[in-house]
Every structure is written in structure tokens, then in C-alpha cells.
Amino acid sequence: MHLSPSEEINMIEQKLKQSISLAFQNCFNAEVDIEKIALEKTSNDYEGDFTFVVFSYLKQSKKNPEQTANEIGNFVKQHVSEVASFNVIKGFLNFSLNNNFWFKFLQQNYSDQKFGFAKNQTNQKIMVEYSSPNTNKPLHLGHIRNNLLGFAVSNILKANGHQVTMCNLVNDRGIHICKSMLAWIKLGNGETPQSSGLKGDHLVGKYYVEFDKLYKKEISELESQGLSKEEAEKKAPSIIEAQQLLQKWEAGDEETVRIWKMMNDWVYAGFDITYKKLGVEFDKYYYESNTYILGKEIVQEGLSKNVFFKKDDGSVWIDLTDDGLDQKLLLRGDGTSVYITQDIGTAELKYKDFGCERSIYVVGNEQDYHFKVLQLICKKLGKSYADGIYHLSYGMVELPQGKMKSREGTVVDADDLMDEMINTAKETTIALGKTEGLDENELQNLYETIGLGALKYFLLKVEPKRKMMFNPEESIDFQGNTGPFIQYTHARIKSILRNVDEETLSIDMKNIELHILEKEVIEILHAYPAVIANAGKEMSPGVIANYVFDLAKSFNHFYHELSILKEENINQRNLRVMLCMFTANNIKSAFGLLGIRVPERM
RNA sequence: GGUCCUAUAGCUCAGUUGGAUAGAGCAACGGUUUUCUAAACCGUAGGCCCUUGGUUCGAGUCCAAGUGGGACUACCA
């Protein structure tokens, strides 16, 4: 039997578990399922590599913890050649592996660019929807979190061997777009991105803000005439005009549709630039202007199946009170669709197009309720894809002043933020003055790598479902647990490796020692396949981020204490060079999953 | 009213299916550079893991109740 390297490295845990299970049979005449045996990494305070905790097996062994652990330890040591020794403290059985195991692992994997990735495709098809912007305003910090999450999770799922389709559902129709359109028609004087020099999405966003100003002014005028706030909000001329514009759009009015298309195209051109700079991509775009009709058809289907019901005013509802939720509107009295109508349609369309058994929606936690309802509806309609719907919910990004409000102009604009980050990276890099010999192009590239690396890492290291605080003044650092810290580790390694001539390296295991600092790095590298698997299972880029930070920290410690190229024992030197190559590969690989680039120098 | 998220060091966050004395980074204080990149490394200090009860050999982790913070839910998306 020939095993590929990454199958082989997972085998040591498997081997130990198998042997432990046999030990139970042999020593205590007890059956213990291999799958149920849990091994953990030995705590740094104790000697050993892997630990088996025996407390919960005392019923099977019918002996005290120490005896149980000792008997199992003896058995395993005899039967697993990689086990060099073991020790028992209370109910903790700690196994130490021999150094050759670690040397072999290093030798076999140090140059494998795909180390840690699933060797075989799973045939599981997964759709990941993310970004999903409205086309009435530019992207902001919240969208950045969304985009980075969606892209990173897609990469992680691919690394787990799944077939991933990334899609972007563009919300290109609705009242919000009509607001921008109306303001542009009234106040724009034919302004275009070309005439103003403004990026298309920013131009359209400007008129969204203009609309809001006008609307607010009208409301306060009406209120001063004695109307209540609610009445004023409904009767303000601009909102009524915007609604009329929406009706004209739905009726296919030529001029309205022309302006709508024109302004949306401006926005798309702007988004493309932002997406490109951010480094995210999509395999497929869906547009709600195309999918909302399909949603209406499914609502009819639900009516005929008696899953939905119609009220006297003609509106269509589903009753979810038995599921602990409320009644939910699916179609307005006038027959027009609401948000969830379109999502029902899009879900169906996605499944028809790609047949994915899992469909992940990267959408903020403000829509937790919405997706719960969506999944319930699909289930009640008997849709086969209902169980595969998964809302990857993430917390809002908040500012020190509170929540971002695009209408009030308290948003952190995506383009501005990226530019600021890149600029800060530039200033810091110049101040440190280590980039002699790089040309203008390479420098610009480096600033982007570092600036965006800092931003992306900052947003991705936090568990998705947690809300996060973003303080523009002090949030993003270049020291400590940051993207640039890890990039710096990579650059330092590369600097060493530029002085290494050998294409391939070999070590004679008889003539080397394994220093504790070397071993710590190797152990972390060894865990990478399991980390990728776990990140995929949890759909959490934060798992990768925490991992790669640990790796960088551990490597820096090693680097600081031990010479690499100046080591005189050639075998030991080669071991350390391998460790450098392996670590650099691993940082690049892990950051690749996060959508972050690594520099050769910085 | 209903559904859900959240609470760990001054701040920002980790903490795997319950395991050994709860960890990082920042900020503070002290130290390290004639030696492979100091965006680094080492050390000191900093904790009623929101409260109470339960489950058990063992709970930051699981369960229940409560408190603080937040989101959603009533023809917006």
C-alpha cells in the first residue's frame, strides 16, 4: 500500500487510536470504538506529543486511572514503533514520538505546495453567495467583511476538496435605486462619471444621499404644517415620485428603464474596480431584476399546495406560528413582490443551474430571521435543496460612534479605506527603509500587499458571527497579531532562502538533534491538514488566521534563537533550511486561503 | 409579545467533540541589535471566564433561570 504524504501524516493519530483500542481488548477485555477515542495535543507544560485521557474509560478497564493509563501505555509503546516513550500523570497518558517521525514528516512535506489540502475531490457541490450589493451606493466596510469572508470560505471549501461556485446576487431593482435615479433626474444636470471624474458607484451614491436630503427637508416642512411624522414620511412628494418611478420601471417604461440601465452600468464599472482591488471574484452573477418573477411563480405553487394562504386584500402569507415564528408576507396586496419572494425564486434558480446540495449565503446577522423563514418555506414547499441552505451569518462592523448609516454619511467607504491602508503601508515601509533596489512598480505592489494584508487579516481573524468594533484611528496595526507581522515572517524567510543554492536537501537523521524550538514549529506545521479540515467544517477563516499567527510566532522564536545558514553541522543546517521552506510555503498557503498575498521582501 | 446572537485581562480577541496551573496581541513597565530583515525576540504586571443553580471524576466550554449589550420580527431590502 502506498500512501501519499498527507494521508501518511494523519495516520499517526489513527495508528495510536487503533492501538489504544487494541490495548483495551488485550489488557481489559473491553471493546472501545476507535472513532470514539479522542487524542489531544499534549499541553506544553508536560512531556509528550499526544495525550489520551483515560478517566471516562475506567468502567471498561475496571482499574484506577494510573493503572489503566500505564497498561495502555505499555501496550501502545510495544506496538507502535513511532512511540519512543510515555508518561502517566493522574489519568493523563502522554505519548512521546521519536524524533525520526518528525524528521521524516519534514523531509516528505517541506516542499509540497499543496500540503494540507485534500488530495481527492469530494464530489460535493457547494454554492457560496456573497457580496450581494445594492446598486444605489458604493461598497463600505461592512461589504468588505462580507466579501472577504465569502471569498475566504470558498477557498477553504475548495481546499477541502469540494466543488465551489461563487456567486453574487445583485440587488439591482427596487425603491432604493429609484431614489438615486429620481435625485439624478431632478438635480443631476446630466452628470456622468466621465463628466465629473467620479467613480460610477460613488456618483450614484451621491444622488442617493441627495435624495435623502430632499426627502428629509420635505418631511420637516410637512411636519411644521401639522402632519405627524408617519404621515409626512408617506406624503412627501419625493417619495411618491420615487414610488411612481418604480411602478414605471415595473411596467417597462422605456425612458425609466434606460436611465436605470445606464446608472446601474456606472455602478457595475465602479464595483468591478473595488472587487479587483479587494481581490475577490465570482463565477456567476445573478440579478434580482431577472429572478423576482420566478419567485412569484413559486408563490402560486405554494398557494396551490396550500402551504401559503391569501388574505381578503389579496396579499399572500405563510403562517409560521407553529414553528415559533410569526406570519410572514410573501406577496403584497397589489401583487408586487417583497424581498423574500425574490429569494425563494433565486434559490430555485440556483439549484436548477448548478444542482448544489449545499447553498451558503454570506449575509449579515441582521437577516438571521429572514433566512430561518426562507429555509422553512423551502422545506414546507418540499424543495429538495431546503436542507442544504445555510446562512453564514456574520456580525456587523461597528464604529466608535455606533452603527454605520449610509444615508447619514457615517460609513467607512471601501475604496477610501483601502487607499488609506495602502498609504499607511507606504509610509511605514519608507520609514523603515528596507526596500532598496525595488522599482516603482514593485514598490506599489508591495504597499498594496501590506496595506490590504493588514485590513484583510484584521477583518478575517475574528470569528464571523461576532460583531466587531472598527476604530479607524487605531484599529489597524502593523505589529503583533496582524497581517504584516505574518507577511514579515515570510519575507525574512525568503531573504534567507535567497542564500540557499541547493534545489533539494537531504538530512542524515543519525547526525542531528531536534531542538525544542525546531520541534514546536514542526508540530504546528503537522497540524495544518487538520486545521484546514476544521476551518472547512466550521466555515471559519478565523481558524486559519489563528493558526498561521501561531506558526509565525513560533517560527520567529526559533529564528531568533538558532542560526540557520551559519549552523556548522550540515545536516542540522539542512533541517533548518527545510523548516524555513516549509514554513514559508505554509504561510503563503494559509494566507492564500484568506485571499492575502505575501511579499518576497519588505 | 416572539425568534436569535453575545458577555473571558484596561482595550481588541483566541480557547477544538467537557480535561492538567484559562491564552495571544495592543496599551504599561524592563531588557535584547559588531552575528541570516528589530514590522522581530525575551521578561514583568494585569482574571469572581456576567450572576445563581444543575449535570460529573472534572465546566470558560453542556443544561436551566436571571442580568447587561445587540439584531431581527408589524405590505423596506
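If you're wondering where the values come from, they're calculated on a predicted model, not measured in any experiment. In what follows, every chain begins at residue 1, and chains take the letters A, B, ... in the order their sequences are listed. What's counted below: heavy atoms across the whole structure, side chains too, no hydrogens, waters or symmetry copies.
Not counting sequence neighbours, the partners of A:Tyr528 by the side chain to side chain donor-acceptor pair (under 3.5 Å) test are A:Ser589. With sequence neighbours left out, the side chain to side chain donor-acceptor pair (under 3.5 Å) criterion links A:Thr341 to no other residue.
A:Met469 has its CE atom 15 Å from the C1' atom of B:C26, to the nearest Å. Rounded to a whole Å, the CG atom of A:Leu438 is 13 Å from the C1' atom of B:U37. Atoms NZ (A:Lys63) and P (B:C57) sit 21 Å apart, rounded to a whole Å. Atom CG in A:Asp322 sits about 13 Å away from atom P in B:U3, given to the nearest Å. A:Leu320 has its CG atom 21 Å from the P atom of B:G1, to the nearest Å. In this structure, CD of A:Gln375 is placed 14 Å from P of B:C4, rounded to the nearest angstrom.
Picking from B:C41, B:C26, B:U37 the nucleotide with the shortest atom distance to the side chain of A:His557 gives B:C41. Checking B:C5, B:C41, B:U37 against the side-chain heavy atoms of A:Lys465 singles out B:C5 as nearest.
In summary, the aromatic rings of A:Tyr361 and A:Tyr390 are positioned with their centroids too far apart to meet the 6.0 Å limit. Aromatic ring centres of A:Phe549 and A:Phe485 lie closer together than 6.0 Å.
Ion pair A:Lys234/A:Glu230 not flagged as a salt bridge, since none of the NZ, NE, NH1 or NH2 atoms sits closer than 4.0 Å to an Asp/Glu carboxylate oxygen. Salt bridge absent: A:Lys41 and A:Glu13 never bring a charged side-chain N and a carboxylate O closer than 4.0 Å.
Here the separation of B:C62 from B:C49, taken at their C1' atoms, is 16 Å to the nearest Å. Look at the C1' atom in both B:C63 and B:G46: the space between them is 33 Å, to the nearest Å.
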Going 5' to 3' through nucleotides 70-77 of chain B, assign each nucleotide B (protein heavy atom under 4.0 Å from a base atom), S (under 4.0 Å only from sugar-phosphate atoms) or - (no protein heavy atom that close).
-SSSSBSB

How would nucleotides 18-25 of chain B be written as a contact map, 5' to 3', with B for base contact, S for sugar-phosphate-only contact and - for no contact, using protein heavy atoms under 4.0 Å?
-BB---SS

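Heavy atoms of A:Thr489 sit nowhere under 4.0 angstrom from any nucleic acid atom. Counting any heavy atom pair closer than 4.0 Å across all strands shown, A:Leu58 reaches no nucleic acid atom.
The salt bridge (charged side-chain N to carboxylate O under 4.0 Å, His left out) contacts involving residues 43-54 of chain A comprise A:Asp49-A:Lys519, where partners must be two or more places apart or lie in separate chains.
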Pairing annotation in dot-bracket form, given for RNA chain B with Watson-Crick or G-U pairs under 3.5 Å and | for cross-strand partners
(((((((..((((.....[...)))).(((((.......))))).....(((((..]....))))))))))))....

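Figure legend: A:Arg597 and A:Phe591 shown without cation-pi pairing, the cationic atom not lying both under 6.0 angstrom from the six-membered ring centre and within 45 degrees of its axis. Cation-pi geometry between A:Lys310 and A:Trp317 is not met at under 6.0 angstrom from the ring centre and within 45 degrees of the axis.
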